Amino acid sequence: MKKEIPKAYDAREVEDKVYKIWEDSGFFNPDNLPCAGEGKTPDKFVISMPPPNATGILHLGHASMLAYQDLMVRFNRLKQKQTLWLPGTDHASIATQTKVEKIIAEEGKTKYDLGREKFLERVHEYVEGSQDTIRNQVRKMGSSCDWSRERYTLDEGLSEVVKEVFEMMYKDGLIYRGDRIVNWCPRCESTLADDEVEHQETKGKFYFFRYSKDFPITIATTRPETKLGDVAVAVNPKDEKYKEFVGKIYKINLGNGEHEIKIIADRNVDMTFGTGALGVTPAHSMVDFQMAHENDLPVIKVIGEDGRMTAEAGEDYEGLTTVEAREKIAQYFRDNGLMEKEEEVDQNLSICYRCDATIEPLPSLQWFIDVNKKITKEGNKYFQDKSLKEVMLQVVREREVKIIPERFEKAYFSWVENLRDWCISRQLWFGHRVPVWYCEDCGEIILNKKDEEACPKCKSENIKQDSDTFDTWFSSGMWTFSTLMDKDFTKYNTFEEWMKSSPDLAKFHPTSVMETGYDILPLWVARMILMTTYVVGEIPFENVYLHGMLRDKEGRKMSKSLGNGIDPLEMIEKYGTDALRLSLIVGSAPGNDLKVYEEKIENYRNFVNKLWNISRYILMSVKEVGQIEKRPEAKTLADEWILGEIDILVASVGNNLENFRFSLAGEDIYDFAWSKLADWYLEIAKVEGDKDEILLYALERLLIVLHPFAPFVTEEIWKNFGFDNLIMIEKWPESSVSVKMNIDEYRTVRIVGCSEEDAAIRGDFELIKNMITSIRNIRAEYKIEPVKKLKAVIVSIDKKDLIESQAEIIKFLGRIEELEMVDKFEKSDDMAMAVLPGVEIFVSLEGLVDREKERQNLLKEKENLEKFVKNLEAKLENETFVAKAPAKIIEQEKTKLTDSKDRLGKVEEKIKSLL
RNA sequence: GGUCGCUUGGCUCAGUUGGUUAGAGCAUACGAUUCACAUUCGUAAGGUCGGUGGUUCGAGUCCACCAGCGACCACCA
């Protein structure tokens with residue numbers, strides 16, 4: 001068959017067209033797959049795409065996530081599983097709001113200038129724009145996700161789920177409203193969850209002072225301005241220095257009125273830190289708040305939500321920023337002789353993970369989820385007198401949810417064990433509004449108000465909705481199941497009915513794999529486990545595959561400020577999506593960071609082109625193109641060998657992908673295509689000829705196993721075959737029965753082949769390859785022009801038949817004109833020599849031989865062999881080795897020894913002859 | 001302070017329950033260009049697997065300690 005195929009693969013020309021064909025085929029939707037049947041799906045594979053934030057553009061991190069997920073999705077689709085990859089976007093309340101605030105700030109406006117409604121309009125407008133960008137970019141990566149099921153955390157259905165779940169948790173007593181110390185970001189004007197707070201090393205000052213001249217204890221603090229709100233001094237009960245003061249009450253006045261300071265004992269106080277005495281500021285420290293609560297002390301809030309001092313701080317301080325107030329009160333201590341000393345210290349400053357502003361701990365009335373309360377939930381197998389925390393630990397401990405790599409389990413456990421009640425309300429405008437109304441007249445709390453306008457208790461119409469919104473993780477924690485619930489929720493009377501009657505939820509939940517970065521294990525993964533086990537009574541996913549962070553060549557994090565980020569779209573434009581995908585997959589290990597740089601992508605572009613040319617050659621050289629279903633008959637040793645290699649490839653790639661070893665699978669394919677098929681088999685096929693069936697068989701299988709990695713080029717080549725079907729929904733090839741791929745046998749398979757017969761074939765073929773390489777080596781050594789044909793004499797007794805049968809190959813690939821086989825060969829001065837196990841090769845050089853050089857080469861080889869033989873002999877003479885090592889290993893070592901001794905003898909002989 | 005990870009040729013990394021003379025790719029050196037592919041082909045050089053001990057017949061692989069690097073968590077007022 002002669003077909004015009006371009007010499008080089010042009011990704012730009014191909015990719016968008018191919019994506020369109022896929023999308024139009026409808027096979028991204030599992031309902032349209034050939035395996036889709038009515039009712040139960042015996043074999044499904046489901047991934048919920050971690051929704052990219054609805055801000056801005058896709059970066060390389062997204063590209064890698066899409067590459068891994070599409071790899072799994074396409075592999076499982078080929079395995080004929082009913083495969084769903086559900087895409088979507090996250091409103092990411094705090095991130096998005098911050099972003100839009102920045103945009104309008106450039107216009108010289110604040111959100112207050114616009115007002116809540118107008119501001120939200122701007123946000124929605126912005127979100128729509130970036131969602132479009134994201135959708136296009138996700139397509140660019142070749143993602144085979146089901147766009148018909150796309151969801152958005154803020155769409156109607158998902159918002160309804162959020163409201164219903166809030167109500168459910170409230171009724172189960174898991175959600176309460178409480179006045180507690182929260183992490184407050186004065187810039188965002190909102191609370192943050194504990195894990196949304198980051199820490200930054202900074203230089204600070206440690207002030208040692210007394211409240212007044214007659215106060216008996218010196219206190220140390222880094223934040224003197226908070227001391228205006230002190231109500232006690234805590235010391236360790238074992239501390240002899242302070243024992244006499246415990247229980248006493250002193251009166252102090254720092255300028256904001258007279259306060260009582262009580263000396264209390266608390267075993268959490270570190271006697272060795274600072275002065276061993278701690279000024280208790282209940283309003284602005286979590287620990288202090290707890291102490292105050294236990295000792296029934298008042299809370300004085302001296303810092304407000306705007307990050308400035310309150311009226312309670314006294315008129316000297318009111319309105320000052322914390323930094324201004326800090327200096328002012330320090331000066332007051334100095335002026336009044338109360339300051340004992342000031343020291344420089346390193347301290348960890350708490351900052352907001354979105355805007356880097358300093359976090360102020362403040363007392364505030366917020367909504368919380370109680371993670372320690374034990375509940376029993378009817379029909380939920382997890383919640384039988386268990387707390388959220390307990391279930392979160394249980395499902396991972398019992399490996400219902402498997403974390404890959406396993407070591408991250410430990411991080412998960414330690415995070416869950418230290419989990420405190422989760423503050424879910426935020427004072428942001430953008431997000432799901434807390435579905436609670438308060439009656440201004442009687443104080444009644446109304447949940448999920450539907451139509452009634454009046455308070456059900458006092459009939460007052462003076463009711464107001466809570467102005468807060470939910471933590472973005474509260475809604476994204478429901479992502480795996482909320483996205484599978486029927487979009488039309490109005491049909492159902494209750495939430496339970498809605499859940500029970502959603503076909504996708506029944507069919508596709510729990511999902512198979514959650515693929516995400518290790519950085520959001522607590523932030524998101526843990527919360528999905530929490531929400532899903534509670535609401536659905538199922539785990540959200542069976543496996544969590546955690547990928548690493550992407551770094552540049554120097555190992556630095558990619559960031560805008562460093563300007564070292566690689567733009568995936570630019571790389572796609574330059575090298576093609578397949579090349580980018582391969583460079584992100586190969587070389588990556590779960591949980592390990594990956595360095596990405598342009599040369600690497602370029603290298604895989606070369607590979608993609610190599611594949612293109614392999615297929616170009618095969619398609620142009622075969623007489624007729626057809627799909628080869630059955631393993632063709634082997635006619636020659638090379639045929640046997642390549643067919644065996646295909647079996648091994650198919651089996652090992654399948655096994656590696658099933659076990660999340662993506663990189664190894666990719667390497668195996670790369671090696672097969674380039675070093676086995678192209679470099680050897682295609683060259684041999686040129687000599688042996690008549691291999692159409694095997695060539696097509698090999699190529700078809702190669703394309704299918706490579707398709708999950710490099711979907712575009714494989715589909716395009718498949719198209720060039722002229723087949724009607726898409727490779728995307730082909731069947732994953734069968735491997736020959738002799739290759740059993742369970743883990744125990746894996747090593748055996750890779751190293752010596754599967755059966756003895758197969759191993760012999762591999763061994764024979766290896767010998768022929770080595771002979772050719774040795775001849776080429778001699779040619780290169782003596783700088784003989786490749787066009788010049790040489791004569792060779794081969795001495796072999798055991799392998800005589802084998803070599804004779806492969807003579808044509810050796811002649812062609814070694815560029816040998818005349819190949820003579822003899823049983824014994826006397827030295828000849830103008831011949832260079834190579835010694836292989838059981839075979840001696842003499843290449844005629846017609847006077848070109850440099851006897852000294854030849855001798856040096858052989859001496860070097862002799863030295864190596866002697867060392868090797870010595871080691872082997874020592875090993876085999878070692879009685880304990882012979883007694884304890886497995887027979888197989890001993891046998892192996894013995895064979896090696898015989899072979900090497902044989903070679904050594906021949907090398908020595910030759911050296912003598914050169915003297 | 002706690003936890004985890006990394007350290008393999010010049011660079012980036014594989015190496016799956018311990019057993020091939022430790023493997024790739026890039027870079028390097030030498031040679032090749034009508035014949036699928038210079039986005040190519042051939043050949044070579046380059047590593048005592050961070051250090052020290054230990055377990056074992058056998059350690060890159062397991063254990064202990066040490067060193068360097070990195071990440072995460074927790075925070076001390």
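First the proteins, then the strands, lettered A, B, ... as listed; each starts at 1. All figures in this text were calculated on a predicted structure; none of them were measured in a lab.
Checked for salt-bridge contact, A:E866 and A:K862 meet the test: a charged N lies under 4.0 Å from a carboxylate O. Look at A:K896 and A:E893 and you find a salt bridge, because one of the NZ, NE, NH1 or NH2 atoms lies within 4.0 Å of a carboxylate O, short of that distance. A salt bridge between A:K686 and A:E683 is present, with a side-chain N of the basic residue lying under 4.0 Å from a carboxylate O of the acidic one. By the 4.0 Å N-to-carboxylate-O rule, A:E873 lies too far from A:K870 to be salt-bridged with it.
Pair assignment for B:rC6: B:rG68, on the basis of Watson-Crick or G-U wobble contacts that are both within less than 3.5 Å. When both pairing distances are held under 3.5 Å, B:rU39 makes no Watson-Crick or G-U pair with any nucleotide shown. Using N1 to N3 plus N6-O4 or O6-N4 for Watson-Crick, or N1-O2 and O6-N3 for G-U wobble, each under 3.5 Å, B:rU34 pairs with nothing. Under the Watson-Crick and G-U wobble criteria, each requiring two contacts below 3.5 Å, nucleotide B:rU28 is paired to B:rA44. In this entry B:rU17 has no Watson-Crick or G-U wobble partner, no candidate having both defining distances under 3.5 Å. Nucleotide B:rG58: unpaired (no Watson-Crick or G-U wobble partner with both distances less than 3.5 Å). For B:rA22, there is no paired base (Watson-Crick or G-U wobble, both distances below 3.5 Å).
Within 3.5 Å, no donor on the side chain of A:K7 pairs with an acceptor on the base of B:rA38, nor the reverse. The base of B:rA36 sits within donor-acceptor range of the side chain of A:E683, with an N or O pair under 3.5 Å. Side-chain N/O atoms of A:R661 and base N/O atoms of B:rU16 include a donor-acceptor pair closer than 3.5 Å.
Residue contacts for A:S414: at a heavy-atom cut-off of 4.0 Å it reaches no nucleic acid atom on any strand shown. A:T222 comes within contact range of the sugar-phosphate backbone alone, with a heavy-atom separation under 4.0 Å but no base atom that close.
The phosphate of B:rC4 has OP1 or OP2 within less than 4.0 Å of a side-chain N or O from A:K410. The side chain of A:R605 contributes no N or O atom lying less than 4.0 Å from OP1 or OP2 of B:rU39. At the phosphate of B:rC13, OP1 or OP2 sits under 4.0 Å from a side-chain N or O atom of A:K595. Contact annotation: A:T773 reaches the phosphate of B:rU43 (side-chain N/O to OP1 or OP2, under 4.0 Å). For the OP1/OP2 pair of B:rA44 and a distance below 4.0 Å, the side-chain nitrogens and oxygens of A:N777 include at least one atom meeting the criterion. Note on A:W674: every side-chain N or O is 4.0 Å or more away from OP1 and OP2 of B:rA24. Taking only side-chain nitrogens and oxygens, A:K875 never comes nearer than 4.0 Å to OP1 or OP2 of B:rC57. Residue A:N603 places at least one side-chain N or O under 4.0 Å from the OP1 or OP2 atom of B:rC26. Phosphate proximity of B:rC37 to A:K610: absent, as no side-chain N or O sits under 4.0 Å from OP1 or OP2.
Comparing B:rG9 with B:rA29, their C1' atoms are spaced 15 Å from each other, to the whole Å. Taking the P atoms as reference points, B:rU8 lies 14 Å from B:rU61, given to the whole Å.
If you find the closest nucleotide of RNA chain B to A:L349 and to A:S675, the one lying nearer the 5' end belongs to A:S675. Nucleotides of RNA chain B nearest to A:K600 and A:R407 differ in position, and the one nearer the 5' end is that of A:R407.
Residues A:N613 and A:Y617 are not in side-chain contact: their nearest non-hydrogen atoms beyond the backbone lie 4.5 Å or more apart. A:D671 has its side chain within reach of A:K676: a pair of non-hydrogen atoms, C-beta onward, lies under 4.5 Å apart.
Taking a centre distance below 5.5 Å and an interplanar angle below 30 degrees as the stacking criterion, A:F273 does not stack against the six-membered base ring of B:rC76.
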